[in-house]
Amino acid sequence: MSTQSSAPRSPSGTRDVLPPESTRWERVVGAFARGVEDAGYGLTMTPVFEYSSVFRRGIGDASDVVGKEMYEFTDRDGQQLALRPEGTASIVRAFVQHHPLVPFKAWYVTPAFRHERAQALRYRQHHQLGIEAIGTEDPDLDVEVITVAHDFFRGLGLERFELKLNSMGDAQCRPAYLELLAGVLAERAGELCDEHGERFGSNPLRVLDCKKPECRKATADVPRLMDHLCGPCAAHFARVRQGLEASTVAYVLDHRLVRGFDYYTRTTFEFASAALESAQNGIGGGGRYDGLVEMLGGDPTPGIGFGIGIERVLGACDAESVFAVEPAPLDAFVIDVTEGDGRGAEARDLTIELRRAGISADRAFGVRSMKSQMKAADRSGASIALIVGPEELSAGTVTLRPLRGPGEQYAVGRHEAAVAVTRELAAYQADLNAGQ
RNA sequence: GUGGGCGUAGCUCAGCAGGUUAGAGCGCCAGGUCGUGGCCCUGGAGGCCGGGGGUUCAAGUCCCCUCGCUCACCCCA
């Protein structure tokens, strides 16, 4: 920390991701993209900021995320804008705006911004991977969405996570249940925690989510929404459970699962890592939002989706020691120990030539000893070192030295260098395959 | 917003009850091997001990303030 106190740093609650750690980010996004695209989802990009009303109307003014955590600003035209705090509202806004064919199956990767105090695996800017499927209320779509997330986690090597499942009902059955719950809670107001004893206001479901022992105890045997669903919602939920079981996606019913956004209806779910020690162990969550499209000005249209937190998924991977950081190795590293005014020109030209031949290559810059350049070659992870010095220069050759395999170094003609490297790499790859 | 912990080399950390030129491991650079990496050995560079004020003959060490980081509550990815 010898950095000057006057030097700027990344804002509180944000972080920089540098190589080699960033290579995991590329791979995790790549793995997600393959998985969801194989299921028919297409990349959808929307601006990181929207008119504030998109989030206010979509997520809900009363939610914490909108009410006290949103990064809002007025731009030079006086427009009220906000950085996106989550992914779904923007995608739905785009759906309403463009009327794509349904079902509209979209995937995204995006930063998300919330002004809250940072702590372990909670940031002011974090990153989410997600999908949205808009236009059908078929419960088999719920199964698809949940299974895609489940299989993504599994594909990374994660095993110690739990899928929690609940149904929030719909406009038909939820109001009656809320009234029932409010009545029961009112009778037990004295047993609830300080915060919830006085008022549970517009949303008694919040009390179920409270972690205080008093509230946990008082709500242990309270009526469950999943037991008071209307006919259609009950049938929907049953079909979802049946589908998950058929796909051997393990889940636990959790009537306390109350998600923080107002738009959820029917199926809601959350993936929690058992390996994460920190307070934040939710690695992904989502649910159905059959009223959201209408709330954002579209025709009544059902939808469902999820968001996955990249930082938390990688944290869970660390906790389970899977999906490790693996720096992307190079194919070749060019070493130049020629002398005189032309020093370095061979490395310059040969490196470019290799790259144009489809070989990943790097080199050392500046005047450095052979030993130093060899160390750099080793660090780069390159499979092959190409050495050019005064002897090679006058002989019109380069020395090809395998750095990983068992082979000895040998000379090849300067103009056959790229071909020889390609051949060596192929042989090396064949050995790898044979060894498996 | 509320509360706790911590700020010493690029990184991870030692520095006993305040006492002369602030240390280790790893990393980096150089040499041992005058053109050959990974192992080993030797040497080197790199710190106004987060910043400011105070107590003291003397402060990395004690006190106050400040900034930053971190963990937890709330909520969420």
Side-chain angles (χ1 to χ4, degrees), chain A residues 1-15 18 59-60 62-70 84-88 109-130 149 153 161 193-196 206 209-212 257-261 270-273 276-286 306-316 333 335-339 364 366 368-393 398-404 408-409:
Chain A
M1 262 157 273
S2 68
T3 36
Q4 310 279 315
S5 56
S6 62
R9 6 177 343 110
S10 55
S12 171
T14 67
R15 19 178 253 138
L18 277 43
I59 301 167
S63 69
D64 281 7
V65 166
V66 170
K68 41 194 248 200
E69 294 172 0
M70 211 154 59
R84 81 158 48 112
E86 58 96 52
T88 301
V109 52
T110 180
F113 306 87
R114 295 179 200 171
H115 188 112
E116 46 191 351
R117 285 285 284 268
Q119 59 181 278
L121 295 180
R122 207 186 69 182
Y123 305 97
R124 288 185 172 178
Q125 175 176 341
H126 73 277
H127 299 81
Q128 292 193 22
L129 295 162
F153 293 135
F161 62 86
C193 74
D194 295 342
E195 188 192 343
H196 293 113
R206 280 259 155 264
D209 195 32
C210 183
K211 292 181 186 69
K212 298 261 168 48
L257 178 61
V258 175
R259 299 188 50 76
F261 306 145
E270 195 170 288
F271 289 89
S273 168
L276 285 175
E277 303 282 339
S278 59
Q280 283 68 231
N281 63 359
I283 53 178
F306 66 70
I308 286 173
I310 297 181
E311 286 86 350
R312 291 193 186 169
V313 166
L314 293 179
F333 198 94
I335 289 165
D336 188 330
V337 285
T338 55
E339 290 161 1
R368 300 176 63 185
S369 69
M370 172 134 206
K371 176 170 180 162
S372 159
Q373 294 188 58
M374 283 299 292
K375 290 182 77 156
D378 187 55
R379 262 197 304 266
S380 77
S383 306
I384 293 164
L386 286 178
I387 304 167
V388 187
E391 293 168 20
E392 287 86 351
L393 200 55
V398 303
T399 296
L400 191 161
R401 179 181 175 83
L403 294 176
R404 301 249 162 284
E408 294 294 311
Q409 68 182 44

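Per chain, numbering begins at 1; letters A, B, ... match sequence-line order. Only heavy atoms go into these numbers, but all of them, side chains included; no hydrogens, no water, no symmetry mates.
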Engineer: Grab the CD-C1' distance between A:Gln125 and B:A77 for me, whole Å please.
Structural biologist: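 Distance check: A:Gln125 CD to B:A77 C1' gives 13 Å.
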Engineer: Figure out the CE/P separation between A:Met370 and B:A30, and round it to whole Å.
Structural biologist: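 Atom-to-atom, A:Met370 to B:A30, this comes out as 14 Å.
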Engineer: Is it the case that the base of B:G35 and the side chain of A:Gln409 share a donor-acceptor contact (distance under 3.5 Å, atom types as modelled)?
Structural biologist: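 It does not, because no donor-acceptor pair links the side chain of A:Gln409 to the base of B:G35 below 3.5 Å.
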Engineer: Describe the nucleic acid contact of A:Glu392 in one word from base, sugar-phosphate, nothing, applying a heavy-atom distance below 4.0 Å.
Structural biologist: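 Base contact - A:Glu392 has a heavy atom under 4.0 Å of at least one base atom.
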Engineer: Could you check how far CG of A:Leu403 sits from P of B:G37, rounded to whole Å?
Structural biologist: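 Going from CG in A:Leu403 over to P in B:G37 covers 11 Å.
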Engineer: What does A:Ile335 touch in the nucleic acid at a heavy-atom separation under 4.0 angstrom: a base, only the sugar-phosphate, or nothing?
Structural biologist: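 Touches nothing.
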Engineer: Atom CD of A:Glu116 to atom C1' of B:G1: distance rounded to whole Å?
Structural biologist: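 Taking CD of A:Glu116 and C1' of B:G1, I get 12 Å after rounding.
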Engineer: Starting at CZ of A:Phe333 and ending at P of B:G38, how long is that distance when rounded to a whole Å?
Structural biologist: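 So the CZ-P distance, A:Phe333 to B:G38, works out to 14 Å.
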Engineer: Does the B:G38 base have a donor-acceptor partner in the side chain of A:Asp378 within less than 3.5 Å?
Structural biologist: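 No, the side chain and the base share no sub-3.5 Å donor-acceptor pair.
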Engineer: Find the distance A:Ile310:CD1 to B:A77:C1' and express it as a whole number of Å.
Structural biologist: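 Distance check: A:Ile310 CD1 to B:A77 C1' gives 10 Å.
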Engineer: Pick base, sugar-phosphate or nothing for A:Glu391, based on heavy-atom distances below 4.0 Å to the nucleic acid.
Structural biologist: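 Base contact.
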Engineer: Please confirm whether the shortest side-chain N or O distance from A:Arg379 to OP1 or OP2 of B:C29 is below 4.0 Å.
Structural biologist: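 Checking A:Arg379 against B:C29: at least one side-chain N or O falls below 4.0 Å of OP1 or OP2.
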Engineer: Nearest whole angstrom, please: distance from the C1' of B:C75 to the NE2 of A:His126.
Structural biologist: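 So the NE2-C1' distance, A:His126 to B:C75, works out to 12 Å.
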Engineer: Looking at residues at least two apart in the chain, or sitting in another chain, which of them share a ring-ring contact (aromatic ring centres under 6.0 Å, His included) with A:Phe113?
Structural biologist: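 ring-ring contact (aromatic ring centres under 6.0 Å, His included) list for A:Phe113, sorted by chain: empty.
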Engineer: Does any part of the side chain of A:Met374, heavy atoms only, come nearer than 4.5 Å to the side chain of A:Leu403, both counted from C-beta?
Structural biologist: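 A side-chain contact under 4.5 Å exists here.
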Engineer: Quick one: side-chain hydrogen bond (donor to acceptor under 3.5 Å, both in side chains) partners of A:His127, sequence neighbours excluded?
Structural biologist: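 Testing A:His127 for side-chain hydrogen bond (donor to acceptor under 3.5 Å, both in side chains), a comparison that skips the adjacent residues, returns A:Gln125, A:Glu311.
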Engineer: For nucleotides 68-73 of chain B, give me every protein contact, N/O to N/O, under 3.5 Å, one pair per line with atom names.
Structural biologist:
residue: B:C71; atom: OP2; partner: A:Ala120; partner atom: N; Å: 3.1
residue: B:A72; atom: OP1; partner: A:Ala279; partner atom: N; Å: 3.0
residue: B:A72; atom: OP2; partner: A:Gln119; partner atom: OE1; Å: 3.1
residue: B:A72; atom: OP2; partner: A:Ala120; partner atom: N; Å: 3.3

Engineer: Run the side chain to side chain contact (heavy atoms under 4.5 Å, CB included) test against A:Thr399 and tell me which residues pass, sequence neighbours left out.
Structural biologist: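 Partners of A:Thr399 under the side chain to side chain contact (heavy atoms under 4.5 Å, CB included) test: A:Ile387, A:Glu392, A:Gln409.
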Engineer: Counting the atoms with a prime plus P, OP1 and OP2 as sugar-phosphate, which does A:Arg368 contact under 4.0 Å by heavy atoms, base, sugar-phosphate, or nothing?
Structural biologist: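 Sugar-phosphate contact only.
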Engineer: Nearest whole angstrom, please: distance from the P of B:G1 to the NE2 of A:His115.
Structural biologist: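 For the pair A:His115 NE2 and B:G1 P, the rounded distance is 6 Å.
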Engineer: Can you see if the side chain of A:Arg259 gets near the phosphate of B:A77 - specifically, an N or O under 4.0 Å from OP1 or OP2?
Structural biologist: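 Result: yes.
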Engineer: In this structure, which stretches of RNA chain B are paired as stems of three or more consecutive Watson-Crick or G-U pairs, both distances less than 3.5 Å?
Structural biologist: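 RNA chain B forms these stems: B:1-7 with B:67-73, B:10-13 with B:23-26, B:28-32 with B:40-44, B:50-54 with B:62-66.
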Engineer: Look for any protein N or O under 3.5 Å of an N or O in nucleotides 31-33 of chain B and output each such pair with its distance, or none.
Structural biologist:
residue: B:G32; atom: N7; partner: A:Lys371; partner atom: NZ; Å: 3.4
residue: B:G32; atom: O6; partner: A:Lys371; partner atom: NZ; Å: 3.0

Engineer: Determine the contact category for A:Pro390: base if any of its heavy atoms lies under 4.0 Å from a base atom, sugar-phosphate if only primed atoms, P, OP1 or OP2 are that close, otherwise nothing.
Structural biologist: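 A:Pro390: base contact, heavy atoms under 4.0 Å.
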Engineer: Determine the Euclidean distance between corresponding P atoms of B:C65 and B:G19; express it in Å to zero decimal places.
Structural biologist: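 B:G19 and B:C65 have their P atoms separated by 25 Å.
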Engineer: Does a salt bridge link A:Arg206 with A:Asp209, judged by any charged N lying under 4.0 Å from a carboxylate O?
Structural biologist: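 A salt bridge links A:Arg206 with A:Asp209.
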